[in-house]
Amino acid sequence: MEKSANLPHGTLDLLILRILELRPMHGVAIADRIEQTTGGVFVVGPGSLFPSLHRLAERGWIRGQWGESEAGHRVKVYELTARGRRQLEEEKRHWRRVQTAVNQILAEEL
Amino acid sequence: MRLDALWRLLRRLAGRTGEERELSDEVEAFYAIHMEREMARGVPRDEARRRVRMKFGAPVKAMESVREVRVGASFETFLADLRYSARMLWKAPGFTFFAILTIALALGANTAIFTLVDGVLFRGLGYAEPERMVQLWEKPPDGLRNSIAPANYLDWARLQTSFEAMAAISGGSMSYLPVEGGGEPLSLRAGMVSAPYFDVFGVRAALGRTFARDEDQLGREKVVVLTHRLWTSLMGADARAVGREILLDGQRYTIIGVLPGAGEFDRNSTDLWIPLAFPPNPARNYHSYGAMARLKRGVTIEQARADLSAIAAGIAERYPDIKKGWGATIDRYADRVINDQSRLTLKVLLWAVVAVLLIGCANLTNLLMARATLRQREIGLRMALGARRERVVRMLLTESLLLSVAGAVAGLAVGHGLLLWIRNLLPPFHFPPEVAIELDGRVLMYLAAATLFTCVAVGLVPAVRASRPAADALRESSRSVTGARGQLVAQQVFIGAQVAVALVLLVGGGLLVRSLQKAINVDVGFDSNGLVAAYLPLPFDSPDEGVVSQYIERILEEVKSVPGIREAAVTTGLPFRGWGDGMPMRLAERPEEERGTGFKIISPGYFGALGLRLKAGRYLDARDTKSTPPVVVVNESFVRRHYPDGKAIGRRILVEKILVTRRGLGPQTAWEIVGVVADEKGRGVESLTDVGTYASFAQNPVVGLGLVARAGGDPAAAIRPMAQAVTRVEKTQVLDRPRTVNEWKAQALAGRRMATSMLTGLGVLAMLLACSGIYGVLSFVTARRTQEFGIRAALGASRPALLRLVLSGGTAPVMVGLVAGLGGALALGRFIRAMLFATEPVDPATLAAVSGLFLAVALAASLVPAWRASSADPMTALRHE
């Protein structure tokens, strides 16, 4: 926990969509994946993971179905919907714009 | 998007537990996987659980945060939107007031009319298996339906095989003495019915019992069933009243039961029910009874009709001299409860309120669009900052929801008030007892649906338009003059449609107003001012003409002695309340040909009391007695109908006398016509055919009378002394339903007055809404073009030129709307033809007046913003932005 950083607000949604773009996954696998790919910078606990998943499902961007994990647990597996895919593209673009803008501001201040 | 969100919400509320279990399973699995990972590293189970919990916190907390995202969050957002909308509306009190007022009026009118329509048209009959209830009629040779002669009814009842229960029906008034042996008698409406009557309706007594099957036989018939209403008002709802005796028309009746309250029988004008016992030797040719029946299970109405027709054919064969050509017919009761006129009126009113709602919605849509334009920067900013489009639409829809709900709450009050007003306008028992007019759950459902519709109709288009992608919005909020062209076209289309629909309604209202004026001012043949009329039910039964005549003479003497009474007479038909009897009649020159005429039996004072104008010959008077040749006076319609040569005086007609007891007809009599009078509107104000004959009471004394009197001063003030006068003659004698004749007239016109007021009110409301729409749009346009006007003024445009410029922009949609509306109005006129009186469906005067009024109001509505624009000071205008 001490080595983890806080995710900027709303970023977790983007990350989840991005990860599910590759293939359907269950909650633990998604959290693992985020931890791995960020080299352990972001650790996602159930208190932020599940609300995020349910919020995305609510908006119709991802869809959850009961399945089985590699270890034989009964888990809910999430996949990206067509709308989710479009949303991801949108968010990516938005993110890049924000990033550029923020970087510019940061650069200016130097 | 919103629909399936709603669906998910509903499913969640319904299946809350299932979803909870799924969530907990999902979260548990997360913890289980992590525990196993620890255990795989050799950590013991308990320690593994502890570590996982340390790392991730308790599973309950995770679940809690999910719940927050779900329903809670969406509800939180809703509350935030609500607060924000309320604040925004509060800041624009003028707009808010107007919007809520519009919705309140439209929804209020909808509530009231739907309550009426639902009560009268949509709600089925409340009886058990109402499809088995039928009405029975005799079928005269040249007509469709006729009352039934008692002997024929008895034959039907004896021979029929189709009905489970069958009852003859008659009615009248009885006098009731609250204090035995004295006090002022009360007039009660009595239904006289065969014993199985209540079985026809499938109704049982709430207390005691209804009639036993043999209680409609002479000697057993002195029993009475009270309505709940009467039992409450008269007996103080005392359960011990059953079994007690009461005095009706001076005779003792035993109370055997009380009917259920708050239903059809309490909405009926009848206060109490007694058995109808036919006298021995019932008449076969005097038709005075109604009848109802309940079909046996499995018997169709066609089978029953065939059954009854066969019996009637047998009767016709046996009595060819009086029943030749007569048959029988049956109607489904449900079809007869509401007449076509009421049905049409209510349908028209329902469409009218729906139209007003649509106009109101179109109006508010326009206003909200204008408002959204003003807020475009705010919205654009929100979207630039990342607000999703759904979010913005939702926020704007919350605002229209807030407006609609506030309007609906106010509308409920408006509707309630309107209903009270309508109830006040209509005389008591205007609708048949089957009609329940209650602002209940069904009405609230309708109101809720209408509110939701209003919210979406009003809010959706502006919300979607306002939330177009940010870039566009930001661009458009620049000072471009032509930017809102699309919106302007939409607004003008709305205006045109509003004007068209409003004009249709207004023309409909106008036609009804003309009809009402015609009906009020129609020549009724006499002077209805200063007249009092009441029914005079005799509290005794006598077959002796002398007894009845002398009694009536004493009554008339006593009434005429009341100070202020100038003239008084008895009559078998009160003014506006029917002809008394419709009698078969033959001209002496053509005795083989049966015709018909209204046949009013009167005492000679009738003509003087009414002021009925004499057109030829003489009135009936004191010279006409039992021992002089029988004479009649006929009216002008009679002469027109039966004597094409116009010569009536001295000719004779053949009409049977009516027995004094009204239990049948007496000998055929040749009556000589001695006078012709103006047409008295016998059947209400609007009757078109009033072929009538007046015979003298002295020459044909009869019961079933009414009393008319001309009073010197205020006729209403004469009612009480008159009632006291008749009680002086006989302590059980009452005046039943005493009213001034103008009240009877108003009552006859009440339904028309209600329909007229409603439709006209709705038409005017529609017009004002449409014109306020014109005002709103023009104000909006001119506000946007202030700068342009300033430039024009600076370049030398004169004020009239500027005025013309604005007005021409406003009048185009109005003119198009008016033309379209006129087309609709022509169609409407044809549709409501049956509601009109002495007015053509295409009435140029109405069309011209209504269009003119509309144009004037529309012009006034356009003039204000136009004036404002034309007085634009070039300097201010150029500095505007």
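Letters go in sequence order (proteins before strands), and every chain restarts at 1. For the numbers below, each heavy atom of this structure counts, side chains included, while hydrogens, waters and symmetry mates do not.
Rounding to the nearest 0.5 angstrom, the gap separating the CZ atom in A/R74 from the CD atom in B/E28 is 12.0 Å. Here the CZ atom belonging to B/F30 is positioned 13.0 Å from the OG atom belonging to A/S69, to the nearest 0.5 angstrom. Here the CH2 atom belonging to A/W66 is positioned 4.5 Å from the CG atom belonging to B/D25, to the nearest 0.5 angstrom.
In A/K92, the NZ atom is crowded: over 12 heavy atoms of neighbouring residues, nucleotides or ligands sit closer than 6.0 Å. More than 12 heavy atoms of other residues, nucleotides or ligands lie within 6.0 Å of CE in B/M39, so this atom counts as buried by the packing criterion. Within 6.0 Å of CD in A/Q65 there are 12 or fewer heavy atoms belonging to other residues, nucleotides or ligands.
Checked against salt bridge (Lys or Arg N to Asp or Glu O under 4.0 Å), A/R23 has no partners two or more places apart in sequence or in another chain. Under the side-chain contact (heavy atoms from CB on, under 4.5 Å) criterion, A/L14 pairs with A/L88, A/E91, A/W95, not counting sequence neighbours.
Between B/E26 and A/H26, the side chains place no donor N or O within less than 3.5 Å of an acceptor N or O (distance only, hydrogens not considered).
Using a 4.5 Å heavy-atom cutoff, the side chains of A/D32 and B/R37 are in contact. In this structure, the side chains of B/I33 and A/V75 come closer than 4.5 Å at one or more pairs of heavy atoms.
Of the listed residues (A/G47, A/G27, A/A31), the greatest number of heavy-atom pairs within a distance under 4.5 Å of chain B belongs to A/G47.
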